[in-house]
Participant: 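Below is a structure I'd like to ask you about.
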Amino acid sequence: MSKEFSRTQRVGQQLQKELAMILQREVRDSRLGMVTISDVEVSRDLAYVKVFVTFLCVGEQTPESCLAALREHEVHIRMMLGKRIRLRLTPEVRFYYDNTLVDGMRMSNLVTEVVNEDKRKIEESGRSDEQPSEGEES
């Protein structure tokens, strides 16, 4: 029976849980909005971890300013992470902004606009999209 998850995937899942708890409970910075960890990539040697985050920004906050504030806490977060997990080497943590959520919402809005434009054009032309079935006559 083969393994379902590799060690790096299991470590990545544990790191994601611990980092979420650290960001939620330990990191106090008014420059940060609500931080969500969307993905964690761990290097094969477990020395580095890429943490992809999204932010719920309020007021003057931008994703760039929140990411800059979060990067200032990387060393402190790594120290807290080392106390919480038992690894031979605590991985170096790097935060990256994950814009897939924003891109997905943009694409969804584009699809909605195209569908609405098609409906409007069909209504303006006065034709019906419904084609008669094989057994029905036009």
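We're numbering straight along the sequence, starting at 1.
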Participant: To check you understand the geometry: which heavy-atom pair defines the closest contact between P91 and L46, and what is its length?
Facilitator: CB-O, 3.5 Å
Participant: Taking it one step at a time, do L70 and I77 satisfy side-chain contact (heavy atoms from CB on, under 4.5 Å)?
Facilitator: CA-CA 9 Å; L70 191 56; I77 290 171; 4.2 Å; yes
Participant: List the residues meeting side-chain hydrogen bond (donor to acceptor under 3.5 Å, both in side chains) with T36, not counting sequence neighbours, and say none if there are none.
Facilitator: none
Participant: Who are the side-chain hydrogen bond (donor to acceptor under 3.5 Å, both in side chains) partners of R120, not counting sequence neighbours?
Facilitator: E117, E124
Participant: Are the side chains of M21 and Q24 in contact, using a 4.5 Å heavy-atom criterion?
Facilitator: yes
Participant: What's the separation between atom CG in L87 and atom CG in L89, rounded to the nearest 0.5 Å?
Facilitator: 8.0 Å
Participant: Knowing that exactly one of R78, M79, K83, M80 qualifies, which makes a side-chain contact (heavy atoms from CB on, under 4.5 Å) with T90?
Facilitator: R78
Participant: We want to know whether D98 and S38 form a side-chain donor-acceptor pair, criterion being a heavy-atom distance below 3.5 angstrom.
Facilitator: yes
Participant: Determine, stepwise, if the pair M107 / V111 fulfils side-chain contact (heavy atoms from CB on, under 4.5 Å).
Facilitator: CA-CA 6 Å; M107 283 192 247; V111 168; 5.5 Å; no
Participant: Could you tell me if Q14 and E18 have a donor-acceptor pair between their side chains, going purely by distance under 3.5 Å?
Facilitator: yes
Participant: Of the options I85, V27, I37, which is the one that meets L19 in a side-chain contact (heavy atoms from CB on, under 4.5 Å)?
Facilitator: I37
Participant: Less than 4.5 Å apart, side chain to side chain, heavy atoms only: is that true for D39 and V53?
Facilitator: no
Participant: Taking only Lys NZ, Arg NE, NH1 and NH2, and the carboxylate oxygens of Asp or Glu, determine whether E123 and K121 approach each other closer than 4.0 Å.
Facilitator: no
Participant: Give every residue pair that meets the ring-ring contact (aromatic ring centres under 6.0 Å, His included) criterion with at least one member in residues 30-64, sequence neighbours excluded.
Facilitator: F52-Y96
Participant: Does a salt bridge link R84 with E26, judged by any charged N lying under 4.0 Å from a carboxylate O?
Facilitator: yes
Participant: Find the distance between CZ (R71) and CG (L67) and round it off to the nearest 0.5 Å.
Facilitator: 4.0 Å
